[in-house]
Amino acid sequence: MRIAVTGSIANDHLMTFPGRFSDQLVADQLHTVSLSFLVDRLDIRRGGVGANIAFGMGQLGARPILVGAAGEDFEDYRAWLDRHGVDTSSVHISEVLHTARFVCTTDSEQNQIGSFYTGAMSEARLIELSGVAERNGGFDLVCISADDPEAMARHTEECRTRDIPFAADFSQQIARMDGEEIRNLTDGATYLFSNEYEKGLIESKTGWTDAEILEKVGTRVVTLGAKGVRIERKGEEPIVVGTPKEERKADPTGVGDAFRAGFLSGLSWGLPLERSAQLGCMLATLVIETVGTQEYELHRAHFLDRFTKAYGHDAASEIESLLK
C-alpha cells in the first residue's frame with residue numbers, strides 16, 4: 001500500500017527552570033504579570049504529529065509520503081526525515097512563515113508555561129491532495145492527522161470525493177473542534193484513531209453512540225495506554241492487543257504517534273489488524289523509553305527479539321522479512 005500522512009510539522013523548544021513558578025507569582029499582582037525565568041537547560045527537538053508518524057514508518061521501512069506545510073527553516077529537518085526513510089517531496093514550503101514551533105518552560109514541579117506558534121502550518125490548507133497523489137502514482141490510504149483545521153477538513157472532503165480511503169486522527173485538535181466538525185471528519189473514514197478519553201469526547205460532541213460510530217467508519221482503533229489497544233469493527237468481536245514490557249519509562253510524548261506509525265506500516269505490508277496493532281505497540285514502547293518523539297533508534301535484531309518475547313515466534317516470523 002502507498003500511504004500518505006498529512007499533519008503538523010513542528011520544532012519543539014523545551015526549557016527547564018530549576019525553581020517553582022508559584023514562588024515568582026504575587027497574588028495581588030496577577031493582573032499585571034511581567035516575568036522572565038533564567039533556565040538551565042534547552043532541548044530543541046523535531047516534532048509535529050504528521051512528521052512523528054512518518055518518521056516511525058520510515059524507521060520500519062514503509063516509506064511514507066509526508067504531506068504538510070513548513071517554513072524555509074525546514075531544510076535541516078527535511079534532511080533528517082529523508083535520511084530516515086520519509087518522502088518529503090510533497091511538503092509545502094511557505095515563502096513568508098517559519099515552521100510551526102512549540103516553546104515550553106517546565107519548572108521543578110512539572111508545571112509548564114508554553115506557547116505554540118502555528119506559522120507555516122496554516123498554509124497546509126493550500127495543499128491539494130490530487131496533485132500529490134498524481135505525482136506519487138495514487139494513494140491506497142491517507143492518514144489525516146492533527147494539522148491546520150481547515151487543512152484537515154479539505155483533505156477529508158477531497159478523499160471522499162475522489163474515493164481515496166482515509167484514516168481520521170484528530171488527536172490534539174479534538175479539544176477545539178465542535179460536534180459538526182468532528183462528524184464531518186469522521187463519517188466515511190476507513191479507520192478512526194483515538195485514545196480512550198478522546199473516544200468519549202467524540203461520542204459526547206457528536207451525539208453519536210459507539211454503535212452509530214461503527215456504522216459510519218470501517219475500523220475503530222482505540223489506544224488504552226499501558227493496557228494496549230482495542231480494535232472494533234461492526235458485527236465482529238473486538239481485538240485487544242497488549243503492550244510489550246517496558247525497559248524503562250522516560251517520556252510518554254509521541255507514544256500515540258508511534259503506535260499509528262507501526263499500525264499503518266503493518267497495513268502497508270498487508271498484515272492483519274492484530275499483527276499491525278502489535279507492531280504499533282512495539283514501536284510505541286521504544287518511544288516511551290526515550291526522551292523525544294524522534295530520538296529512538298530501531299535496531300532490527302533487538303526489535304525482533306522484543307517482539308518475539310511479547311507476541312510469540314509465529315508473530316515475529318510474520319514481520320521478520322518485512323522489517324527494514
Side-chain angles (χ1 to χ4, degrees), residues 1-5 7 45-66 76-89 136 140-141 143 145 167 193 221 223 226 228-229 231 239 241-324:
M1 291 175 64
R2 187 180 297 273
I3 297 180
V5 178
R45 302 195 182 279
R46 308 167 188 88
V49 174
N52 289 342
I53 295 172
F55 175 84
M57 295 180 69
Q59 285 279 71
L60 288 167
R63 191 62 183 174
I65 298 159
L66 177 60
D76 285 346
Y77 197 164
R78 183 197 296 278
W80 165 265
L81 292 172
D82 287 344
R83 290 198 307 274
H84 289 87
V86 179
D87 183 336
T88 62
S89 61
N136 289 279
D140 298 297
L141 181 70
C143 179
S145 61
F193 290 105
V221 183
T223 55
V229 60
I231 302 171
I239 299 169
V241 172
T243 57
K245 184 177 176 58
E246 300 163 359
E247 293 181 349
R248 61 187 172 279
K249 185 176 289 187
D251 183 3
T253 308
V255 168
D257 298 339
F259 169 79
R260 287 150 176 76
F263 186 83
L264 293 171
S265 295
L267 296 180
S268 75
W269 296 330
L271 294 176
L273 294 174
E274 181 179 18
R275 197 72 70 237
S276 297
Q278 291 170 346
L279 196 60
C281 287
M282 186 68 253
L283 198 65
T285 300
L286 296 186
V287 173
I288 203 169
E289 295 171 349
T290 310
V291 177
T293 58
Q294 297 179 29
E295 304 304 317
Y296 61 98
E297 295 182 359
L298 195 156
H299 300 290
R300 188 174 182 276
H302 178 252
F303 187 93
L304 280 170
D305 179 61
R306 295 187 64 183
F307 193 88
T308 303
K309 290 176 181 176
Y311 303 116
H313 289 282
D314 289 345
S317 65
E318 209 169 333
I319 71 165
E320 185 173 7
S321 64
L322 301 169
L323 284 179
K324 178 181 176 182

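Along the sequence shown, the residues carry numbers beginning at 1.
Not a single donor-acceptor pair under 3.5 Å links the side chain of Thr243 to the backbone N or O of Cys281. Of the possible donor and acceptor atoms, none in the side chain of Arg306 sits under 3.5 Å from a partner among the backbone N and O of Pro244. Formation of a donor-acceptor pair under 3.5 Å by the Arg300 side chain with backbone atoms of Glu320 is found in this model. Checked by atom type and distance alone, the side chain of Asp257 never pairs as donor or acceptor with a backbone atom of Ile53 at under 3.5 Å. Side-chain N or O atoms of Arg275 include none that pairs as donor or acceptor with a backbone N or O of Ile319 at under 3.5 Å. The closest donor-acceptor contact from the side chain of Arg248 to the backbone of Glu289 lies under 3.5 Å.
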Check the pair Tyr296 / Phe55 against ring pair (Phe, Tyr, Trp, His ring centres under 6.0 Å), numbers first and verdict last.
CA-CA 10 Å; Tyr296 61 98; Phe55 175 84; 5.4 Å; yes
Steps toward side chain to side chain contact (heavy atoms under 4.5 Å, CB included) verdict (Asp87, Arg63)
CA-CA 7 Å; Asp87 183 336; Arg63 191 62 183 174; 4.1 Å; yes
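Counting only heavy atoms from C-beta outward, the side chains of Leu264 and Leu267 approach each other to under 4.5 Å. Looking only at side-chain heavy atoms (C-beta outward), Thr293 and Arg46 stay at 4.5 Å or farther from each other.
Considering all non-hydrogen atoms of both residues, Leu323 and Phe303 come closest at CD1-CD2, 3.7 Å.
Using a 30° and 60° split on the angle between ring planes, Trp80 and His84 fall in the tilted class, from 30° to 60°.
In the model, Glu318 has no side-chain atom that pairs as donor or acceptor with a side-chain atom of Tyr311 under 3.5 Å.
For the atom pair CD of Glu295 and OG1 of Thr290, the computed distance is 8.5 Å after rounding to the nearest 0.5 Å. Leu298 contributes atom CG, which lies 8.5 Å from atom CE of Met282 (distance to the nearest 0.5 angstrom). From Ile3, atom CD1 reaches atom CG of Leu66 across 13.5 Å, with rounding to the nearest 0.5 Å.
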